[in-house]
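Residue numbers start from 1 in every chain, and the chains themselves are labelled A, B, ... in the order their sequence lines are given, proteins ahead of strands. Small disclaimer: the values here were computed from a predicted structure and weren't measured.
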Amino acid sequence: AQSVSQHNHHVILSEAASLELGCNYSYGGTVNLFWYVQYPGQHLQLLLKYFSGDPLVKGIKGFEAEFIKSKFSFNLRKPSVQWSDTAEYFCAVTLGGSSNTGKLIFGQGTTLQVKP
Amino acid sequence: GAVVSQHPSRVICKSGTSVKIECRSLDFQATTMFWYRQFPKQSLMLMATSNEGSKATYEQGVEKDKFLINHASLTLSTLTVTSAHPEDSSFYICSALRVHEQYFGPGTRLTVT
């Protein structure tokens with residue numbers, strides 16, 4: 001079965017530090033990749049997505065992610081985090097192409113805590 | 001665009017009663033909607049896929065007689081938790097599919113006393 005793995009469960013950083021959250025998926029075919037953020041008490045919001053094209057994707061709030069097909073990875077990065085980035089981050093995958101049912105497979109989530 | 005609403009945002013009910021949660025796509029039509037459950041500090045667990053005009057598809061381990069899903073129109077799906085028990089207390093989130101992307105509602109916090 002397809003799965004998504006996020007390596008870091010809880011990350012604590014100081015403001016201005018750089019961020020990289022790991023995400024790997026297990027599926028050999030075409031995939032669509034997503035990163036979502038859930039701020040405390042708020043609903044899930046899309047940070048960025050990759051369907052095809054340039055594997056380096058830029059999202060909102062200064063986030064970016066790189067799709068490395070050979071590594072089955074889609075790591076999220078931000079050069080300088082802010083206290084307001086404190087949130088839960090979820091990596092998710094849908095199967096691409098004709099296998100796409102729209103069904104998202106979520107990773108376990110990573111809690112990011114940014115200290116002011 | 002692509003706004004999804006849920007109602008109610010919070011509900012408290014007594015054990016044994018039923019609760020209905022609505023999920024609406026406000027500015028687009030959605031043939032497919034999804035229902036998730038999220039426990040504190042955990043990821044979203046897909047409960048079922050709701051398809052307009054047909055029966056919902058439930059994930060393994062989800063009781064379809066307990067969690068009734070109806071997708072009667074292209075903008076509305078409902079989840080009814082029947083005979084609720086304290087262990088059903090959770091955060092329920094819906095999403096609506098538009099092209100290849102899901103748009104999430106704000107969630108409903110259900111507390112069963």
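- Looking at B/Phe104 and A/Leu104, their side chains come closer than 4.5 Å, going by heavy atoms from C-beta outward.
- When the side chains of ILVMFWY residues are joined at heavy-atom separations under 4.5 Å, either directly or via intervening members, B/Tyr36 and B/Phe67 end up in two distinct hydrophobic clusters.
- Considering all non-hydrogen atoms of both residues, A/Phe106 and B/Ser43 come closest at CB-OG, 3.4 Å.
- For B/Leu46, the part sitting under 4.5 Å from any heavy atom of chain A is the side chain, from C-beta outward, and nothing else.
- Residue B/Gln38 touches chain A through its side chain alone, counting heavy-atom pairs closer than 4.5 Å.
- Placement of B/Leu68 and B/Met45 in two distinct hydrophobic clusters is found when ILVMFWY residues are connected by side-chain heavy-atom separations under 4.5 Å, directly or transitively.
- With a 4.5 angstrom heavy-atom cutoff, A/Leu44 touches chain B via backbone and side-chain atoms both.
- Residue-environment remark: NZ (B/Lys66) exceeds the threshold of 12 foreign heavy atoms within 6.0 Å.
- For A/Lys103, the NZ atom is loosely surrounded, since the number of other residues' heavy atoms within 6.0 Å does not exceed 12.
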Stepwise, does the side-chain contact (heavy atoms from CB on, under 4.5 Å) test hold for A/Phe34 with B/Glu101?
CA-CA 9 Å; A/Phe34 304 81; B/Glu101 188 173 335; 4.1 Å; yes
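- When the candidates A/Gln42, A/Gln108, A/Gln6, A/Glu88 are compared by the number of heavy-atom contacts under 4.5 Å with chain B, A/Gln108 comes out ahead.
- A/His43 NE2 to B/Ser9 OG: the interatomic distance, rounded to the nearest 0.5 Å, is 13.0 Å.
- Ranking B/Leu97, B/Leu44, B/Ile93 against chain A, the residue ahead of the rest is B/Leu44, based on heavy-atom pairs under 4.5 Å.
- B/Ile69 is not connected to B/Leu76 by any chain of hydrophobic side-chain contacts under 4.5 Å among Ile, Leu, Val, Met, Phe, Trp and Tyr, and they are in different clusters.
- The contact between B/Gln102 and chain A is made by backbone and side chain atoms together, counting heavy-atom distances below 4.5 Å.
- At a threshold of 4.5 Å between side-chain heavy atoms, the hydrophobic network of Ile, Leu, Val, Met, Phe, Trp and Tyr places A/Val4 and A/Leu48 in one connected group.
- In the displayed structure, B/His85 atom NE2 is contacted under 6.0 Å by more than 12 heavy atoms of other residues, nucleotides or ligands.
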